[in-house]
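Below: the structure, in structure tokens.
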2 protein chains.
Amino acid sequence: MLRAMSPDQPPDLPAELLLLRTRSLTSVAAQEIERLIVSGAIPAGSRLNEQALAARLGISRGPVREAVRGLERQGLVVTVVNQGSYVRSISAEEALELYDLRALLTGQACERLAAAPPPATVPRLSGLVTRMERAAEADDAPGYYALNLDFHAALLELGAGPRAQRIYDDLGKELNLFRRRALVQPEKMRESNAEHAAILAAIHAGDPVAARAAAEAHVQGGKRRFAASHTPL
Amino acid sequence: MLRAMSPDQPPDLPAELLLLRTRSLTSVAAQEIERLIVSGAIPAGSRLNEQALAARLGISRGPVREAVRGLERQGLVVTVVNQGSYVRSISAEEALELYDLRALLTGQACERLAAAPPPATVPRLSGLVTRMERAAEADDAPGYYALNLDFHAALLELGAGPRAQRIYDDLGKELNLFRRRALVQPEKMRESNAEHAAILAAIHAGDPVAARAAAEAHVQGGKRRFAASHTPL
DNA sequence: GCAGTGCAAACTGTTGACGATCGACAATCC
DNA sequence: GGATTGTCGATCGTCAACAGTTTGCACTGC
């Protein structure tokens, strides 16, 4: 049972070591910091202390700085020289523009889906709509929220290219800088899912114009619900 | 003439010092490396040698690494662990998607411009079209190219929000990874500018649908010209 | 002649340290 | 009493050095 012939064998970190062969510390730091930001663990507007983050992740400041620099390009943080990096806080106007852009991308994706749907498009979307319906009836807001994300991700995955998907995802992360987990109300869930069904119906009917219109209307509806709940003016 | 009372006054670097007060070495490195990439000085697919870049810029490897991380998030470079960063080379399919996204954004901007044009929209665009017409008649391809960029930038500046402009710019930089300065032919210039005029006419007429259609057709025309010249299949 | 092996150089990934700058607080002067 | 200035602590920006890995090349053996 004793292992001979390898006296100075490094301690076996099977998973971690294999992980570090593929991903650098910078990438895991970026992923973790991004998670902390979009999840709201680090609130918008707050400062990013480099050595605190480094200590938290058990690494040096170098990779942390590189990770933060990447997030800066992505638009999640802003940096002031000799002062530090802050989690970006976006204004209501900027949030509205993000909704517009998401509506644009979603509309385009749905238009293409209606014109030339890939195999298994309708069953997949239909299944998600059904599950959302069940979640709405059960007043399962978190479940509905997750399924909603899946539905929109599926729309772009099926109807748009990889670059458009990346932009859409980035916009979503940016949007999280404003709204801390949109509170979903029961009637809003049903309203929202009815729009989902409309999108699906247009796609199923092969009507690109209607699909685009339904998708844009749905995202704009989300924008309206967002505006009504967050900016009472 | 002798300067008293300030024996250890630092050497006067009026511009550079003021510059470094505002911009860190990382930012200037990022700007310079990005310039080298989009200008084609560093061809797509080639490796980015960190210490060579650092030596070229007269700085250390730290800021260079941070700058490269930013460009990685932006999509201009890809990094392989323990191997280095490479200037991203995009496929023809990816380039086509970039054209589609630019068409989408430009169409949206023009639709809004036609619906609610900001002050001085038509004169500004009209002036650019006129100058492009002169450049086309003079067979001034570089001049036309620059004016064309100005025209499209003006469309987005006037008709879209700041986030959309940023996305559009990023897509343009990414597109430069494929085509090395699209060679503009005389007849293509006139064809292109006729489409510019059509966009302007639709905006002037206040017809959002026509404006969007004209803009999308124009960018898609550029995509078609690009596809015809680059992928002879 | 060719495949395989071992070594060496180059480069990347990470760390620690140093200098510089900013904000806050206290002491001083008007 | 208020404003200004000086000092201190904290933190950022940058650099140089170390460790690990990859790559290329020469050498050996078949």
Side-chain angles (χ1 to χ4, degrees), chain A residues 6 8-33 42 45-73 76-88, chain B residues 5-6 8-14 16-33 42 45-73 76-88:
Chain A
S6 303
D8 54 353
Q9 177 172 300
D12 42 3
L13 316 171
E16 293 186 17
L17 196 67
L18 195 62
L19 204 68
L20 270 241
R21 293 259 191 261
T22 327
R23 308 182 60 83
S24 66
L25 280 186
T26 300
S27 64
V28 301
Q31 185 176 343
E32 177 65 9
I33 298 176
I42 304 179
S46 68
R47 259 194 37 154
L48 291 178
N49 190 318
E50 289 181 1
Q51 53 191 19
L53 284 172
R56 173 169 189 162
L57 299 175
I59 59 179
S60 175
R61 277 178 53 212
V64 172
R65 284 180 60 87
E66 295 180 15
V68 171
R69 207 57 78 173
L71 297 179
E72 182 185 7
R73 275 275 168 169
L76 268 71
V77 308
V78 292
T79 299
V80 187
V81 277
N82 283 322
Q83 193 174 347
S85 301
Y86 299 81
V87 179
R88 176 155 166 254
Chain B
M5 277 173 55
S6 305
D8 55 353
Q9 178 172 299
D12 42 3
L13 314 170
E16 291 187 18
L17 197 67
L18 194 62
L19 205 67
L20 269 241
R21 294 263 190 259
T22 326
R23 309 182 60 83
S24 66
L25 278 186
T26 299
S27 64
V28 301
Q31 184 176 343
E32 178 66 9
I33 297 175
I42 303 179
S46 67
R47 258 196 37 163
L48 290 177
N49 191 315
E50 290 181 0
Q51 53 191 18
L53 283 173
R56 174 169 187 163
L57 298 175
I59 59 180
S60 175
R61 279 178 50 213
V64 172
R65 284 179 62 86
E66 294 181 18
V68 172
R69 283 301 176 247
L71 298 178
E72 183 184 8
R73 277 275 166 166
L76 289 168
V77 308
V78 293
T79 299
V80 186
V81 275
N82 284 321
Q83 195 173 349
S85 301
Y86 298 81
V87 178
R88 175 154 166 255

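None of these values were measured; they are calculated from a predicted model. Only this structure's heavy atoms are used, side chains among them; waters, hydrogens and symmetry mates stay out. Per chain, numbering begins at 1; letters A, B, ... match sequence-line order.
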Gap between atoms CG and C1', on A:Leu57 and C:dT15 respectively (whole Å): 15 Å
Distance in angstrom units between B:Glu50 CD and C:dC11 P, rounded: 10 Å
Whole angstrom value for the distance that separates C1' of C:dT12 from OH of B:Tyr86: 11 Å
Atom-to-atom span, CD of A:Gln51 to P of D:dT14 - whole angstrom: 17 Å
Between D:dG13 (C1') and A:Glu72 (CD): distance, integer Å: 13 Å
Sorted by number, the residues of residues 61-69 of chain A with heavy-atom contact under 4.0 Å to DNA chain C: A:Arg61, A:Gly62, A:Pro63
Euclidean distance, atom CD1 of residue B:Ile59 to atom P of D:dG13 [Å, nearest integer]: 14 Å
Qualifying residues under side chain to side chain donor-acceptor pair (under 3.5 Å), relative to B:Gln31, sequence neighbours excluded: B:Arg23
Proximity to the side chain of A:Gln83 - top-ranked nucleotide from C:dT15, C:dG23, D:dC12: C:dG23
Any residue meeting salt bridge (charged side-chain N to carboxylate O under 4.0 Å, His left out) with B:Glu72, in chain and number order, not counting sequence neighbours: B:Arg69
Under-4.0 Å side-chain N/O to phosphate OP1/OP2 contact, A:Asn82 with C:dA20: no
Contacts of A:Arg61 that satisfy salt bridge (charged side-chain N to carboxylate O under 4.0 Å, His left out) - sequence neighbours left out: A:Glu50
Heavy atoms from other residues, nucleotides or ligands near CZ of B:Arg47 exceed 12 (cutoff 6.0 Å): yes
Whole angstrom value for the distance that separates C1' of C:dT21 from CG of B:Leu25: 14 Å
Integer-rounded Å distance: D:dT22 P and B:Arg47 CZ: 13 Å
Candidates D:dT14, D:dC15, C:dG13 - which lies nearest the side chain of B:Thr79: C:dG13
Closest nucleotide among C:dG16, C:dG13, D:dT14 to the B:Thr26 side chain: D:dT14
Residue among B:Val28, B:Val68, B:Leu53, B:Thr26 satisfying side chain to side chain contact (heavy atoms under 4.5 Å, CB included) with B:Pro63: B:Thr26
Qualifying residues under salt bridge (charged side-chain N to carboxylate O under 4.0 Å, His left out), relative to A:Arg88, sequence neighbours excluded: A:Glu94, A:Glu174
With sequence neighbours excluded, residues passing side chain to side chain donor-acceptor pair (under 3.5 Å) with A:Gln83: A:Tyr86
